[in-house]
Amino acid sequence: MQELLQRALGGDATAAAELWRAIAEGKADDVITAAWARDVAKHVAAKVLNPETPANRRAELARAALGLEGRVDTNWQLRELAERHPDVTAAELAVVADLVVDVGKAKPHQIKRKIEYIRSKRK
């Protein structure tokens, strides 16, 4: 959890999203939660609540203060599954992924294509 906090503090939007999930689910201890809350509060006070900040930029700055600036990898669980099992075909992995990974409402053929894409980017 400490490594996740460090990545989030360093500007990794995916890590920040994972950290928010861990906090919401009660998986992060009070020290990690307090450290993240302090960092977010510091950014909110400095950027969002600053009277010199133009009103049209506040939403963007609030998102950045939450650690969600940049792209959040929504397929991180699927990517990790594909990387852990390189010997399993994409079609076979798609069936398993539908059971163990949050793939939303994606159909098996869509999951298979995502796995193939993830693997092609890794090469």
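We number each residue from 1, following the sequence as shown.
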What closest approach, in Å, do [X] and [Y] show between heavy atoms, and which atom pair accounts for it?
X      : Y     : value
Ala15  : Leu4  : O-CD1, 3.6 Å
Thr53  : Arg57 : CG2-CB, 4.4 Å
Leu19  : Met1  : CD1-SD, 4.1 Å
Arg119 : Ala82 : NH2-O, 3.7 Å
Ile23  : Ala28 : CG1-CB, 3.8 Å
Ile32  : Gln2  : CD1-OE1, 3.4 Å

[X] [atom1] to [Y] [atom2] distance, which is reported to the nearest 0.5 Å:
X      : Y     : atom1 : atom2 : value
Ile118 : Glu83 : CD1   : CD    : 8.0 Å
Asn50  : Leu61 : CG    : CG    : 9.5 Å
Thr33  : Arg38 : OG1   : CZ    : 11.5 Å

For Glu25, check salt bridge (charged side-chain N to carboxylate O under 4.0 Å, His left out) against everything at least two apart and list the hits.
Lys27

Please answer: with hydrophobic residues joined when any side-chain heavy atoms are less than 4.5 Å apart, are Leu78 and Val96 in the same cluster?
yes

Got a sec, which residues hit side-chain contact (heavy atoms from CB on, under 4.5 Å) with Val88, two or more places apart in sequence or on another chain?
His85, Glu92, Leu93

Side-chain donor-acceptor contacts of residues 107-115 below 3.5 Å, not counting sequence neighbours, with atom names and distances?
unit_1: Gln110; atom_1: OE1; unit_2: Lys107; atom_2: N; d: 2.7

May I ask you to test the Glu18-Thr14 pair for a side-chain heavy-atom distance under 4.5 Å?
yes

